[in-house]
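Report on the following structure.
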Number of protein chains: 2
Amino acid sequence: MDTREKLIESTRALLWERGYVGTSPKAIQERSGAGQGSMYHHFSGKPELALAAINRTAEDLRARAEAAFTAPGPALDRVAAYLRREREALKGCPVGRLTQDPEVMADPALRDPVEQTFAWLTTRLADLLAEAQSNGDLAPTLAPGPTATALVAVLQGGYVLARAAGATEPYANAIEGALGLLAGHREGR
Amino acid sequence: MDTREKLIESTRALLWERGYVGTSPKAIQERSGAGQGSMYHHFSGKPELALAAINRTAEDLRARAEAAFTAPGPALDRVAAYLRREREALKGCPVGRLTQDPEVMADPALRDPVEQTFAWLTTRLADLLAEAQSNGDLAPTLAPGPTATALVAVLQGGYVLARAAGATEPYANAIEGALGLLAGHREGR
DNA sequence: GTCTATACCTGGATAGAC
DNA sequence: GTCTATCCAGGTATAGAC
């Protein structure tokens, strides 16, 4: 991994752990093993480096989600599998946590990938729910859009609750609770 | 409002807007109108002041929730009313946002009120769901604990999605979606 | 491309006068 | 109780040598 790459990966890790405000150029340099001058040679400063890191993290999240969404099997099972997928609940969502960072939200360039990621994710899940309905697997009374939004919110909120508790149980319970609520709307065939 | 009080209230506002890491003693002083010496006369430093602010914010959240929980009417309606209650979605949850702050989570004193608040909230909602079940208003198949956790997660996640979008719609959709999911488990009487 | 030196600002706090 | 002066570390960046 070359220097530029190490800088980006170190920044991704630090943004996840400490957020934008809590991440200093110095910490990035130490973690990546790159020197002061080296970092400023590859990037104009903290914002540009953060942008590269955030973009990559957002792409990563979408790629993982898309893999679950396009797996074989009924749409509703794919939704459930996506929700149940293993996650590092205690670390929180690397994209969601950025919404709490005032400096990220204040900079349109940094904020855009965050916004796009959740917009994409919600739409994608809504499509799968609609597909399940047209297959006769899910009650047509559920509104796909709001339901999908609620599911994404359960994930994001599950992270928050896990961090608050310092334990993964609340995360697991939130997912289980959501799946229990969804189960009441399944339609047999 | 005396100086001490102004310091606490200013800190509450800043913690909500910028988090612990993003809030400096200087900013607190400017916002409260108190001087350097004045702040350090009333509090030993940023951590002690933050503790007072966080405790008050947590108490505040609980008091508002408890008001909704003890309102007249069927338990299930009280749950729905709590979820629908107006909130400043774009500002995020003043307690939930603290979970993203590494310094808050690292300090047991600061972290405790956050942890307790969500533990209490989840338990309280689970009790109401159980009450609704014993009244015959809610399907007994739903597990109250996980369901309550999912509902709290929807709120917390709704805030995240609203901030990501820079709009309140995702928050409203998440709540609406959750209520739609819950509606399928209502039992008439 | 990477290093070291330097610079300036802010964060967070203490000291002592009033 | 509040004010001003002062302090040191760290954040963020530039300059210039190698």
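Per chain, numbering begins at 1; letters A, B, ... match sequence-line order. Side chains included, hydrogens not; waters and symmetry mates left out as well; all remaining heavy atoms used. What you are looking at is a predicted structure, and each value in this text was computed from that prediction instead of being measured.
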According to ring-ring contact (aromatic ring centres under 6.0 Å, His included), who are the partners of [X], at least two apart in sequence or on a separate chain?
X: His42(B); answer: none
X: Tyr20(B); answer: none
X: Phe118(B); answer: none

(request) Do nucleotides 13-18 of chain C as a string where each nucleotide becomes B, S or -: B if the base has a protein heavy atom under 4.0 Å, S if just the sugar-phosphate does, - if no protein is that close. (result) BB----
(request) Inspect the surroundings of CZ in Arg84(B) and state if more than 12 heavy atoms from other residues, nucleotides or ligands are less than 6.0 Å away. (result) no
(message) Taking 4.0 Å as the cut-off, does a side-chain nitrogen or oxygen of Thr3(A) come that near to OP1 or OP2 on dG1(C)?
(response) no
(message) Taking 4.0 Å as the cut-off, does a side-chain nitrogen or oxygen of His41(B) come that near to OP1 or OP2 on dC3(D)?
(response) no
(message) Side-chain heavy atoms under 4.5 Å apart, restricted to Ile/Leu/Val/Met/Phe/Trp/Tyr: what other residues fall into the cluster of Leu49(B), or is it alone?
(response) Leu7(B), Ile8(B), Leu14(B), Ile28(B), Met39(B), Tyr40(B), Phe43(B)
(request) List, by chain and number, the other hydrophobic cluster members for Leu90(A), where Ile, Leu, Val, Met, Phe, Trp and Tyr join if side-chain heavy atoms come within less than 4.5 Å, directly or indirectly. (result) none
Just distance, no hydrogens or angles: give the donor-acceptor pairs under 3.5 Å from side chains in residues 102-110 of chain A, sequence neighbours left out.
{"unit_1": "Glu103(A)", "atom_1": "OE2", "unit_2": "Arg18(B)", "atom_2": "NH2", "d": "3.3"}
{"unit_1": "Asp107(A)", "atom_1": "OD1", "unit_2": "Ala109(A)", "atom_2": "N", "d": "2.9"}

Separation of [N] [atom2] from [X] [atom1] (nearest whole Å):
X: Leu7(A); N: dG1(C); atom1: CG; atom2: P; answer: 13 Å
X: Glu30(A); N: dG10(D); atom1: CD; atom2: C1'; answer: 11 Å
X: Glu103(B); N: dG10(D); atom1: CD; atom2: C1'; answer: 13 Å
X: Gln29(B); N: dG11(C); atom1: CD; atom2: C1'; answer: 11 Å
X: Phe43(B); N: dG12(C); atom1: CZ; atom2: P; answer: 16 Å
X: Ile28(B); N: dT10(C); atom1: CD1; atom2: P; answer: 17 Å

N/O donor-acceptor pairs under 3.5 Å from side chains in residues 92-100 of chain A, not counting sequence neighbours:
{"unit_1": "Arg97(A)", "atom_1": "NE", "unit_2": "Leu15(A)", "atom_2": "O", "d": "3.4"}
{"unit_1": "Arg97(A)", "atom_1": "NE", "unit_2": "Trp16(A)", "atom_2": "O", "d": "3.1"}
{"unit_1": "Arg97(A)", "atom_1": "NH1", "unit_2": "Gln100(B)", "atom_2": "O", "d": "3.4"}
{"unit_1": "Arg97(A)", "atom_1": "NH2", "unit_2": "Gln100(B)", "atom_2": "O", "d": "2.6"}
{"unit_1": "Thr99(A)", "atom_1": "OG1", "unit_2": "Gly96(A)", "atom_2": "O", "d": "2.6"}

(request) Quantify the bending of the helix from dG1(C)-dC18(D) to dC18(C)-dG1(D) as the angle between its end axes, each fitted on five pairs, to 10°. (result) 0°
(message) Salt bridge or not between Arg56(A) and Glu9(A)? Use side-chain N to carboxylate O under 4.0 Å.
(response) yes
(request) May I ask you to list the residues of residues 16-24 of chain B, by number, that have any heavy atom positioned under 4.0 Å from an atom of DNA chain C? (result) Thr23(B), Ser24(B)
(request) Kindly write out the residues that satisfy salt bridge (charged side-chain N to carboxylate O under 4.0 Å, His left out) with Glu30(A), not counting sequence neighbours, or none if the list is empty. (result) none
Which atom pairs, donor and acceptor, lie under 3.5 Å between side-chain atoms of residues 62-69 of chain A and protein residues at least two apart or in another chain?
{"unit_1": "Arg64(A)", "atom_1": "NE", "unit_2": "Asp60(A)", "atom_2": "OD2", "d": "3.3"}
{"unit_1": "Glu66(A)", "atom_1": "OE1", "unit_2": "Arg124(A)", "atom_2": "NE", "d": "3.0"}
{"unit_1": "Glu66(A)", "atom_1": "OE2", "unit_2": "Arg124(A)", "atom_2": "NH2", "d": "2.9"}

